[in-house]
Asker: 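Pasting a structure below so you can have a look.
Just so it is clear, the structure is predicted and the values come from calculations on it, not from any experiment. Proteins come first, then strands; the chains are lettered A, B, ... in the order of their sequence lines, and each starts at number 1.
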Protein chains: 4
Amino acid sequence: MAGFQKISRQQGPRPGRPRDPEADRAILQATLKLLTDQGYAGMSVERVASEAGVGKTTIYRRYASKEELAVAAVGILRDDFGPPPNTGNTRTDIIQIIVQNQVALEHGPGFAIIGALLVEERRNPALLELFRERIIRPRKDEAVMVLQRGVDRGEIRADVDLEVAVHAMVGAMFARHILGDLESIKRIEETVDIVWTGLATKPRLPTT
Amino acid sequence: MAGFQKISRQQGPRPGRPRDPEADRAILQATLKLLTDQGYAGMSVERVASEAGVGKTTIYRRYASKEELAVAAVGILRDDFGPPPNTGNTRTDIIQIIVQNQVALEHGPGFAIIGALLVEERRNPALLELFRERIIRPRKDEAVMVLQRGVDRGEIRADVDLEVAVHAMVGAMFARHILGDLESIKRIEETVDIVWTGLATKPRLPTT
Amino acid sequence: MAGFQKISRQQGPRPGRPRDPEADRAILQATLKLLTDQGYAGMSVERVASEAGVGKTTIYRRYASKEELAVAAVGILRDDFGPPPNTGNTRTDIIQIIVQNQVALEHGPGFAIIGALLVEERRNPALLELFRERIIRPRKDEAVMVLQRGVDRGEIRADVDLEVAVHAMVGAMFARHILGDLESIKRIEETVDIVWTGLATKPRLPTT
Amino acid sequence: MAGFQKISRQQGPRPGRPRDPEADRAILQATLKLLTDQGYAGMSVERVASEAGVGKTTIYRRYASKEELAVAAVGILRDDFGPPPNTGNTRTDIIQIIVQNQVALEHGPGFAIIGALLVEERRNPALLELFRERIIRPRKDEAVMVLQRGVDRGEIRADVDLEVAVHAMVGAMFARHILGDLESIKRIEETVDIVWTGLATKPRLPTT
DNA sequence: AACTAATCGAGACGGTACGTCCTGTCTTTGA
DNA sequence: TCAAAGACAGGACGTACCGTCTCGATTAGTT
């Protein structure tokens with residue numbers, strides 16, 4: 001999985017002509033464009049090559065398959081995100097994170113990529129795993145961390161599984177997409193509020 | 001969308017040779033088998049035809065595309081479900097529904113199909129819509145109905161959006177699959193309990 | 001080697017759509033054109049397909065490889081030849097045959113094809129053998145037959161190996177091509193005359 | 001055509017690192033091996049490089065193309081030949097030459113190379129010409145020279161074109177290879193005898 | 001000893017073609 | 001009219017070479 005070697009620490013320059021970083025960039029860019037415009041099924045390695053002004057070899061030298069290429073392309077989206085929000089208000093923070101992710105997913109090839117990975121899951125589970133590691137899990141960790149701050153501040157009970165809470169809040173967004181139900185900031189807030197009640201140390205007031 | 005005409009309403013026997021119902025069966029069966037064994041990407045209409053001992057034409061006369069075929073195949077799974085549970089205990093009922101769906105999804109081609117539909121979403125949104133209508137929405141409606149019974153019994157507040165509650169509970173399951181996080185009955189119960197607190201008319205007792 | 005099935009004797013019409021004879025024709029024609037214009041190395045199956053207005057599959061359904069396609073294409077040249085000459089004069093007949101072959105080889109892809117087959121000989125000897133059977137051997141047999149008539153007429157000795165005589169006469173033509181030596185009718189006649197002396201029943205007069 | 005500069009006439013040692021003669025050797029050796037084992041089509045510059053433990057650059061610095069490399073590799077075979085035979089008997093000498101060539105061609109990549117050059121003839125005629133100059137023509141000249149000695153001795157008529165005679169004798173060998181007809185010393189002798197009759201000053205005795 | 005220049009192995013590059021596979025359509029014969 | 005068989009156009013896949021290029025490291029002669 002050459003495309004993903006992270007920090008090749010302390011490994012003197014390998015022999016041979018180094019890879020062209022410009023090609024790296026052009027490939028991922030073209031992939032992302034096609035992915036966004038045409039969806040995963042409509043994107044082809046051949047088109048990516050031609051659009052990026054690059055030989056097919058140059059792509060396959062970096063990524064072993066179309067799937068892997070797509071994953072890598074989505075991977076670069078991550079960097080657009082700033083640091084996790086920290087307004088001092090846990091509820092505000094968690095809403096902001098979810099909205100952020102929702103926006104990224106909805107505008108962009110996010111769902112299409114996830115779809116492709118689910119399709120390939122049986123044949124090539126490593127790809128989905130890779131995507132999790134690189135893209136999804138870091139986000140989840142952010143969300144959990146924000147909730148953890150809530151625990152530290154005494155806003156959130158210490159005896160609940162924060163992961164499960166994140167599953168519910170983030171999953172609601174997935175569910176709405178798959179169900180075709182309307183998504184909106186309001187609904188995200190409603191979702192958070194419902195879950196929040198289950199997390200909060202102070203019971204909400206009984207309905208009058 | 002030939003595969004889905006359920007009730008050919010009152011249309012005297014059409015001329016010509018009638019369709020072979022055995023073929024219908026064999027096609028869906030073979031599709032389901034390949035879908036389950038190889039995943040969506042590994043299933044091909046050609047293989048289905050040969051496995052079912054049927055001409056490709058016979059498939060395409062019934063389903064307009066590979067996607068539609070897959071959707072129809074998944075559709076037959078639905079019938080395995082009995083009527084929605086009604087134990088008198090809303091919490092028990094909703095847990096049972098979610099577990100039921102979780103099991104069906106995890107041991108079948110469910111996620112692979114959903115993936116394929118997400119992949120195709122941009123080019124062919126009708127398919128995802130079809131799947132929603134036929135498979136997903138009925139289940140959601142069941143869940144909402146169960147919660148509505150809770151409202152009627154006074155267990156659940158009347159001012160919350162029950163759909164949002166369902167999103168959170170069902171979505172958590174999706175989220176765990178996509179995140180690769182462990183799924184279990186225990187976690188499903190935890191999820192329901194957290195959400196339940198947000199729905200219940202009686203506040204939970206403050207932590208001692 | 002589907003392209004070469006000869007007489008499928010008495011085999012009731014096979015099921016399924018029959019092969020398009022127009023495609024057969026267009027493929028071989030396009031192949032021959034590219035072969036002649038660009039040589040064997042410059043011809044590509046992809047170009048043949050596009051030039052013939054045909055899918056690549058349609059070609060590969062008939063011929064297992066580029067080589068086989070080329071052989072088949074050259075095969076259709078054979079039909080341009082009329083019956084072997086029979087002027088009553090054996091020497092005239094044999095000259096005519098050789099000239100005929102020389103012309104066909106020199107203005108067509110003949111040498112390029114033979115070259116390709118020699119190149120492939122070690123990996124795929126069947127192809128060269130196929131070419132021999134279909135194209136070369138029939139011609140040799142014609143030449144031998146003409147000489148045999150000479151034997152019958154008493155012009156040619158009965159104790160010489162006529163095949164060897166044909167090798168020498170035809171081979172001289174090959175040799176000149178490979179050596180890059182000038183070829184001409186005059187040289188063909190000289191070749192035949194030299195060999196002829198070795199074949200003739202009547203010794204040539206000693207040089208004065 | 002760097003590979004063939006024989007005499008770098010009087011050009012004081014060029015600056016820079018001199019070429020490694022060991023590389024020269026290893027390249028041609030590996031080429032010859034692959035050529036013999038796999039045929040021309042099965043040989044690739046990449047494999048030669050790796051087999052010779054040499055960079056591709058090092059090959060392309062010496063030879064401009066795969067074809068040229070192959071030609072050069074075959075060229076080194078030539079040196080295995082001793083001086084042309086001179087037994088005093090012209091017929092014996094010429095047979096020996098032809099047998100020698102036949103053996104060299106049949107065991108070795110000779111025909112495959114000739115094939116490759118015929119394939120490339122239209123696009124790159126210079127290569128075939130190079131091969132003629134370097135490999136084929138010298139041999140033909142040897143054969144003609146041997147026959148010329150026969151003329152000088154009065155064994156062979158002075159009014160025949162000796163080249164044509166060589167074409168016939170050598171060509172018969174080519175013809176047998178291409179036709180797939182059995183080759184043997186006996187047949188070579190028969191060939192020479194037939195041609196010899198056409199060349200000889202003394203007519204052969206009429207058949208009894 | 002520093003400089004210049006060509007060589008070396010390694011391997012990336014754009015490009016082209018290969019042969020395979022699949023999709024969705026079309027065209028046969030037979031029921 | 002439907003069925004089974006299978007041919008059809010089209011297009012993408014991933015592989016293999018070709019001939020070129022760019023690296024850092026040698027290895028000479030020249031200053």
Asker: Which heavy atom in D/Val74 sits nearest to a heavy atom in D/Pro109, and how many Å separate them?
Answerer: CG2-CG, 4.3 Å

Asker: Heavy atoms, side chains only, cut-off 4.5 Å: are C/Leu128 and C/Glu120 in contact?
Answerer: no

Asker: Expressed in angstrom and rounded to an integer, what is the separation of C/Glu46 atom CD from F/dT15 atom P?
Answerer: 17 Å

Asker: May I have the distance from D/Gln38 (atom CD) to F/dC17 (atom P), rounded to whole angstrom?
Answerer: 10 Å

Asker: What residues form a side-chain contact (heavy atoms from CB on, under 4.5 Å) with C/Ala49, not counting sequence neighbours?
Answerer: C/Lys56, C/Ile59

Asker: What is the distance, rounded to the nearest whole Å, between atom CG of C/Leu34 and atom C1' of E/dA17?
Answerer: 14 Å

Asker: If I take atom CG from residue D/Leu127 and atom CG from residue D/Leu117, how far apart are they, to the nearest 0.5 angstrom?
Answerer: 6.0 Å

Asker: Rounding to an integer number of Å, can you tell me how far C/Glu67 CD sits from E/dA17 C1'?
Answerer: 12 Å

Asker: For DNA chain E, determine which residues of residues 115-124 of chain B have any heavy atom closer than 4.0 angstrom to one of its atoms, and list them numerically.
Answerer: none

Asker: Show me, pair by pair, the donor-acceptor contacts under 3.5 angstrom made by side chains of residues 37-45 of chain B, not counting sequence neighbours?
Answerer:
residue : atom : partner : partner atom : Å
B/Tyr40 : OH   : B/Glu67 : OE2          : 3.0
B/Ser44 : OG   : B/Arg47 : N            : 3.1

Asker: What integer distance in Å separates C/Met43:CE from E/dA17:P?
Answerer: 12 Å

Asker: Output all residues satisfying ring-ring contact (aromatic ring centres under 6.0 Å, His included) with C/Phe111, sequence neighbours left out; order by chain, then residue number.
Answerer: C/His177

Asker: D/Ile59 CD1 to F/dC18 P: how many Å, rounded?
Answerer: 10 Å

Asker: Please give, in whole Å, the distance from F/dG14 C1' to A/Arg47 CZ?
Answerer: 19 Å

Asker: Let me spell it out: for each of A/Ala49 and B/Val45, pick the nucleotide of DNA chain E with the closest heavy atom. Which residue's pick is nearer the 5' end?
Answerer: A/Ala49

Asker: Rounded to the nearest angstrom, tell me the gap between atom CD in C/Glu22 and atom P in F/dA9.
Answerer: 10 Å

Asker: D/Arg62 side chain to D/Thr58 main-chain N or O, any donor-acceptor pair under 3.5 Å?
Answerer: yes

Asker: Measure from the side chain of A/Tyr60, starting at C-beta and using heavy atoms only, and say which of E/dC18, E/dT23, F/dC13 lies closest.
Answerer: F/dC13

Asker: Would you list the protein and nucleotides 5-9 of chain E atom pairs, both N or O, that sit under 3.5 Å from each other?
Answerer:
residue : atom : partner : partner atom : Å
E/dA6   : N3   : D/Arg17 : N            : 3.4
E/dT7   : OP1  : D/Arg19 : NE           : 3.3
E/dT7   : O4'  : D/Arg17 : O            : 3.2
E/dT7   : O2   : D/Arg17 : NH1          : 3.2
E/dC8   : OP1  : D/Asp20 : N            : 3.2
E/dC8   : OP1  : D/Arg62 : NH1          : 3.3
E/dC8   : OP1  : D/Arg62 : NH2          : 2.8
E/dC8   : OP2  : D/Arg61 : NH1          : 2.2
E/dC8   : OP2  : D/Arg62 : NH1          : 3.2
E/dG9   : OP1  : D/Gly53 : O            : 3.3
E/dG9   : OP2  : D/Gly55 : N            : 3.2
E/dG9   : OP2  : D/Thr58 : OG1          : 2.4

Asker: Please answer whether the main-chain N or O of A/Thr36 pairs with a side-chain N or O of B/Arg122 as donor and acceptor at a distance below 3.5 Å.
Answerer: yes

Asker: List the residues meeting side-chain contact (heavy atoms from CB on, under 4.5 Å) with D/Thr57, not counting sequence neighbours, and say none if there are none.
Answerer: D/Arg61

